[in-house]
Amino acid sequence: MTNIGSFIQEADWRKEKHSPLIKAPSSVAAGELFELTVGLSPEIVHPNTTEHHISWISLYFHPVGAKFPHQVGRYEFSAHGESVKGPNLGPVYTHHQVKTFVKIDKAGTFYALSLCNIHGLWGAEMKVDVTVSEAPTGDKML
Ligand code: FE2
């Protein structure tokens, strides 16, 4: 049996229009919401037409030391100019980018998977560290 992971393509997003790009702070405070954007390379724009488009992006988080990743979100891009008049004559297109807010309590890696309807699965990752603020304790006063 072939592992489906062997079909996930990876490339530098500066050179490949299919590569997902995760934008988030490299370090966040434990338990505090932060903004995370996931989309495709902003350098080389991927087409968004009825015939050729990004169908979805899935985002996962794998905490350091955990056995499995957790799914954070799955974002469907359903409108690509479809119309009864013909392809690319429809009134709406969904751009393949999502902004969301997440919080984590442990460092780990975010993984993004995107699917181009013609060119398959593409993946990218980003590590995020977590800082833990020291809670004030009265014990030191004793
Ligand atoms: Fe494509």
Side-chain angles (χ1 to χ4, degrees), residues 1-140:
M1 181 175 159
T2 303
N3 184 329
I4 195 167
S6 66
F7 297 117
I8 299 172
Q9 305 163 84
E10 294 181 334
D12 186 337
W13 59 265
R14 293 168 196 87
K15 298 175 183 167
E16 171 53 58
K17 64 178 179 262
H18 289 94
S19 293
L21 176 61
I22 302 166
K23 289 184 181 175
S26 58
S27 181
V28 299
E32 290 191 12
L33 284 172
F34 61 92
E35 185 176 299
L36 184 151
T37 302
V38 60
L40 263 62
S41 170
E43 297 289 324
I44 312 167
V45 178
H46 188 278
N48 188 8
T49 65
T50 304
E51 301 87 352
H52 186 191
H53 54 260
I54 302 302
S55 300
W56 51 258
I57 293 177
S58 283
L59 182 67
Y60 303 87
F61 178 66
H62 181 242
V64 170
K67 187 170 183 180
F68 304 111
H70 297 260
Q71 185 169 24
V72 176
R74 181 175 169 95
Y75 313 104
E76 302 282 343
F77 309 118
S78 301
H80 308 282
E82 297 86 347
S83 171
V84 294
K85 297 175 190 166
N88 303 305
L89 296 174
V92 62
Y93 293 78
T94 315
H95 184 65
H96 39 257
Q97 186 173 36
V98 171
K99 181 185 293 186
T100 188
F101 294 86
V102 296
K103 62 181 180 179
I104 55 178
D105 58 7
K106 194 172 186 183
T109 303
F110 285 91
Y111 293 89
L113 267 183
S114 66
L115 179 69
C116 169
N117 69 322
I118 294 175
H119 300 110
L121 286 169
W122 292 79
E125 63 185 76
M126 179 184 181
K127 287 185 167 60
V128 176
D129 287 327
V130 166
T131 58
V132 179
S133 62
E134 290 186 28
T137 60
D139 294 347
K140 292 181 181 174

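Counting starts at 1 for both ligands and their atoms, following the listed order.
Within the protein, the N, O or S atoms lying under 2.8 Å from the Fe ion (ligand 1) are His18 NE2, His46 NE2, His52 NE2, Cys116 SG, His119 ND1.
Without hydrogens or angle criteria, Thr94 side chain to Ala79 main chain gives a donor-acceptor distance under 3.5 Å. In this structure, Thr50 contributes its side chain and Asn88 its backbone to a donor-acceptor pair below 3.5 Å.
Residues that satisfy the side chain to side chain contact (heavy atoms under 4.5 Å, CB included) test with Ile22, not counting sequence neighbours, are Leu36, Val38, Leu59, Phe110, Ala112, Met126. Here Asp105 pairs with nothing under the side chain to side chain contact (heavy atoms under 4.5 Å, CB included) rule; sequence neighbours left out.
Shown here is Phe68, whose CZ atom has no more than 12 heavy atoms of other residues, nucleotides or ligands within 6.0 Å.
Counting only residues at least two apart or in different chains, ring pair (Phe, Tyr, Trp, His ring centres under 6.0 Å) contacts with residues 4-26 comprise His18-His46, His18-His119, His18-Trp122.
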